[in-house]
Visitor: 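The structure that follows is given in the form of structure tokens.
Just so it is clear, the structure is predicted and the values come from calculations on it, not from any experiment.
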Amino acid sequence: MSNPRRRLRRSSTGSSSSSCRVAGLLYPLLGACLWASVVGFKPVVIIHGLFDSSGDFKNLLRFINQSHPGTNVTVIDLFDRSASLQPMWKQVEGFKTAVRPIMQKATDGVHFICYSQGGLICRGILSTLADHNVQTFISLSSPQAGQYGDTDYLRYLFPQFVKSNLYHLCYTSIGQRISICNYWNDPHHRDLYVNSSDYLAVLNSERANPNSTEWKKNFLKIQKLVLVGGPDDGVITPWQSSQFGFYDDNETVVEMQHQDLFLSDVFGLKTLAARGDLIVCSVPGVEHVYWHSNETVFHLCMEKWLV
């Protein structure tokens, strides 16, 4: 049998060592919490994309809490899964109602992280909500200039269509009741898009919009616009749409800075660029469904703006 005193001494030494280890873990944590209370990280609002729900953002929540302890993060639980196919303006109004109380409580403002289709919903909120206090708008792989591609999403939603003939459905009153058709941008049928799109063409002021001046003023209240995307996305088509690039009628990508909506500054992109408040972050090797769970993307494209 072993000596009880030796066991006691060994146990005491282990306890002391454990206390040191615990203290070593606690001190940085306490320091981080103290830093969070001093800095006062602004609340973060996350708005999901097509077919998503609030439960899909656990990794992003963890990344934010690890890098910015104490941050109040809200993933808005609305229009989940198939409900995300409802018309875009209807979703804008629903999300607007949900985020307004969060904004009202945050006297120093909030940040938006808006994924995929959610990035277009956030643009609708920012354009139409005069009293918003969003500081940073992070558009995470969102089809900001529209969508035009034969993707798995298209084959699932509209198995009888391909990209070249989807305009027959999307540019009708029935089609415009489906969210994806609200931002379907067929470069070969530009006139139909401009005259039929109830959402994106209006938001971009590509169609006459009597509210365009007011919407631009509202949108420019943000302090930073961060456009995140990459060449291996596989869903946003062309992928440059996530950074306001898009096809011409030959399906050649025209980058944002050469697009009419930038050059004419219809809703404020050029102004943001001139202010130094337009950030473009491109990351290769990321598929569409992994943008919000990729830690490298978070550290490269989001972390520094969430203060």
Side-chain angles (χ1 to χ4, degrees), residues 42-65 68 71-106 109-129 131-147 153 179-180 182-183 199-200 203 215 218-219 221-229 233 235-236 241-243 267 281 288-294 297-298 301-302 305-306:
K42 295 177 179 66
V44 175
V45 175
I46 299 174
I47 293 184
H48 68 74
L50 189 66
F51 296 136
D52 296 323
S53 75
S54 58
D56 296 325
F57 292 84
K58 293 177 181 177
N59 286 327
L60 183 53
L61 283 166
R62 178 166 54 84
F63 301 154
I64 295 170
N65 286 324
H68 298 74
T71 300
N72 182 2
V73 184
T74 305
V75 187
I76 305 297
D77 190 19
L78 280 177
F79 299 102
D80 293 355
R81 306 305 183 198
S82 61
S84 63
L85 289 168
Q86 294 189 45
M88 293 291 282
W89 283 121
K90 180 177 180 180
Q91 294 194 53
V92 166
E93 290 305 313
F95 280 108
K96 193 190 296 186
T97 300
V99 302
R100 190 186 292 272
I102 301 171
M103 293 179 183
Q104 290 172 339
K105 291 178 182 178
V110 303
H111 300 308
F112 269 6
I113 300 177
C114 309
Y115 168 63
S116 194
Q117 178 178 278
L120 285 171
I121 291 169
C122 287
R123 271 188 64 202
I125 295 171
L126 295 171
S127 298
T128 59
L129 190 58
D131 60 346
H132 81 75
N133 60 354
V134 175
Q135 305 294 294
T136 298
F137 167 28
I138 298 175
S139 171
L140 185 59
S141 187
S142 174
Q144 293 292 354
Q147 172 73 7
Y153 283 72
S179 64
I180 190 173
N182 290 155
Y183 51 90
Y199 190 76
L200 187 60
L203 199 59
W215 288 10
N218 295 341
F219 187 71
K221 289 180 179 179
I222 62 173
Q223 293 184 3
K224 288 285 184 293
L225 170 59
V226 184
L227 301 172
V228 185
D233 182 274
V235 171
I236 305 303
S241 179
S242 60
Q243 298 165 352
F267 59 88
C281 190
H288 187 70
V289 295
Y290 297 116
W291 284 104
H292 50 73
S293 60
N294 186 300
V297 170
F298 175 77
C301 303
M302 293 186 264
W305 309 114
L306 301 178

Visitor: With a 4.5 Å limit on heavy-atom distance, are the side chains of D233 and H288 in contact?
Guide: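 They are in contact (side-chain heavy atoms under 4.5 Å apart), so the answer is yes.
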Visitor: If you take all heavy atoms of I236 and S241, which pair is closest and at what distance?
Guide: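 Where I236 meets S241 most closely, the heavy atoms are CG2-CB, 4.0 Å.
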Visitor: Quick one: pull up CG in L78 and CD1 in I76 and give me the separation to the nearest 0.5 Å.
Guide: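 Reported to 0.5 Å precision, the distance equals 7.0 Å.
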Visitor: Examine F63 together with H292 and report whether their ring centres are nearer than 6.0 Å.
Guide: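 No; H292 has its ring centre 6.0 Å or more from that of F63.
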Visitor: Checking the side chain of Q223 only, and the main-chain atoms of K221 only, is there a donor and an acceptor separated by less than 3.5 Å?
Guide: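 Between the backbone of K221 and the side chain of Q223 there is no qualifying donor-acceptor contact (under 3.5 Å).
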Visitor: What distance separates R123 CZ from I222 CD1, expressed to the nearest 0.5 Å?
Guide: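 One gets 10.0 Å once the value is rounded to the nearest 0.5 Å.
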Visitor: Would you indicate whether the side-chain heavy atoms of W291 and Y115 approach each other to under 4.5 Å?
Guide: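 The answer is yes, as the side chains (C-beta and beyond) meet within the 4.5 Å cut-off.
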Visitor: Answer yes or no: is there a donor N or O on one side and an acceptor on the other, between the side chain of Q117 and the main chain of L85, under 3.5 Å?
Guide: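 A pair under 3.5 Å: no.
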Visitor: Verify the distance criterion only: is there a donor paired with an acceptor across the side chains of R62 and N59 at less than 3.5 Å?
Guide: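 The answer is yes; a qualifying pair exists.
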Visitor: Could you tell me the separation between the OG atom of S139 and the CD1 atom of I113, rounded to the nearest 0.5 Å?
Guide: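 CD1 of I113 is found 11.5 Å from OG of S139.
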Visitor: Indicate yes or no: at least one non-hydrogen side-chain atom of L140 is less than 4.5 angstrom from one of V297.
Guide: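 Result yes, sub-4.5 Å side-chain heavy-atom pair found.
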Visitor: So does R81 pair up with D56, basic N to acidic O under 4.0 Å?
Guide: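 Looking at D56 together with R81, the answer is yes, because their closest N to O distance falls below 4.0 Å.
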Visitor: Counting only N and O atoms by type, is there a donor-acceptor contact under 3.5 Å from the side chain of Y183 to the main-chain atoms of M88?
Guide: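 Not at all, since once roles are kept as given, no pair shorter than 3.5 Å links the two residues.
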Visitor: Do N182 and W89 get their side chains close enough for a donor-acceptor pair, meaning under 3.5 Å?
Guide: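 Note: N182 and W89 side chains miss the donor-acceptor criterion.
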Visitor: Where do V228 and C301 come nearest, in terms of heavy atoms and distance?
Guide: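 That would be CG2-CB, 3.8 Å.
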Visitor: Quick one: does N72's side chain have a donor or acceptor within less than 3.5 Å of a partner on P43's backbone?
Guide: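 Absent.
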Visitor: For L120 versus L203, what's the shortest heavy-atom pair and its separation?
Guide: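 Shortest heavy-atom separation between L120 and L203 comes out as O-CD2, 4.1 Å.
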Visitor: Shortest non-hydrogen contact from I64 to V73?
Guide: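 Closest heavy-atom pair between I64 and V73: CG2-CG2, 3.7 Å.
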Visitor: If we ignore hydrogens and angles and just use 3.5 Å, is the side chain of H132 paired with the main-chain N or O of G109 as donor and acceptor?
Guide: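 Checking the backbone N and O of G109 against the side chain of H132, no donor-acceptor pair under 3.5 Å is found.
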Visitor: Is a side-chain N or O of Q91 found less than 3.5 angstrom from the main chain of Q86, in a donor-acceptor match?
Guide: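 Side chain of Q91 to backbone of Q86, a donor-acceptor pair under 3.5 Å: yes, one is there.
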Visitor: Looking only at heavy atoms, which two atoms of V235 and Q147 are closest? And how far apart?
Guide: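 For V235 versus Q147, the nearest heavy atoms are O-NE2, 2.8 Å.
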Visitor: Restricting to non-hydrogen atoms, name the atom on S242 and the atom on G229 that form the minimum distance, rounded to 0.1 Å.
Guide: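 That would be OG-CA, 3.4 Å.
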Visitor: Give a yes or no on whether the backbone of G119 and the side-chain of Q144 come within a donor-acceptor separation of less than 3.5 Å.
Guide: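 Yes: the side chain of Q144 pairs with the backbone of G119.
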Visitor: Tell me yes or no: between the side chains of S84 and H48, is some donor less than 3.5 Å from an acceptor?
Guide: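 Short answer, no.
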Visitor: How long is the straight-line distance from CG of L50 back to OG of S179, given to the nearest 0.5 Å?
Guide: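 Here the interatomic distance stands at 5.0 Å.
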Visitor: How long is the gap from SG on C122 to CD1 on I47, to the nearest 0.5 Å?
Guide: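 One gets 3.5 Å once the value is rounded to the nearest 0.5 Å.
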Visitor: So, do D131 and R100 sit near enough that their side-chain heavy atoms are less than 4.5 Å apart?
Guide: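 Side chain of D131 against side chain of R100, heavy atoms only: contact under 4.5 Å found.
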Visitor: What orientation do F79 and F95 show, parallel under 30°, tilted 30 to 60°, or perpendicular over 60°?
Guide: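 Tilted.
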Visitor: Just verifying a value: how many Å separate D77 CG and S53 OG, rounded to the nearest 0.5 Å?
Guide: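 Rounded to the nearest 0.5 Å, the CG-OG separation comes to 7.0 Å.
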Visitor: Just by distance, do the side chain of N65 and the backbone of L61 share a donor-acceptor pair under 3.5 Å?
Guide: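 Pair found, side chain donor or acceptor close to backbone of L61.
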Visitor: Just wondering, do L306 and K42 contact through their side chains at under 4.5 Å, heavy atoms?
Guide: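 No, every pair of side-chain atoms sits at 4.5 Å or beyond.
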Visitor: State, with a plain yes or no, whether a side-chain heavy atom of V110 is found less than 4.5 Å away from one of N133.
Guide: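 Yes - at least one pair of side-chain heavy atoms lies under 4.5 Å apart.
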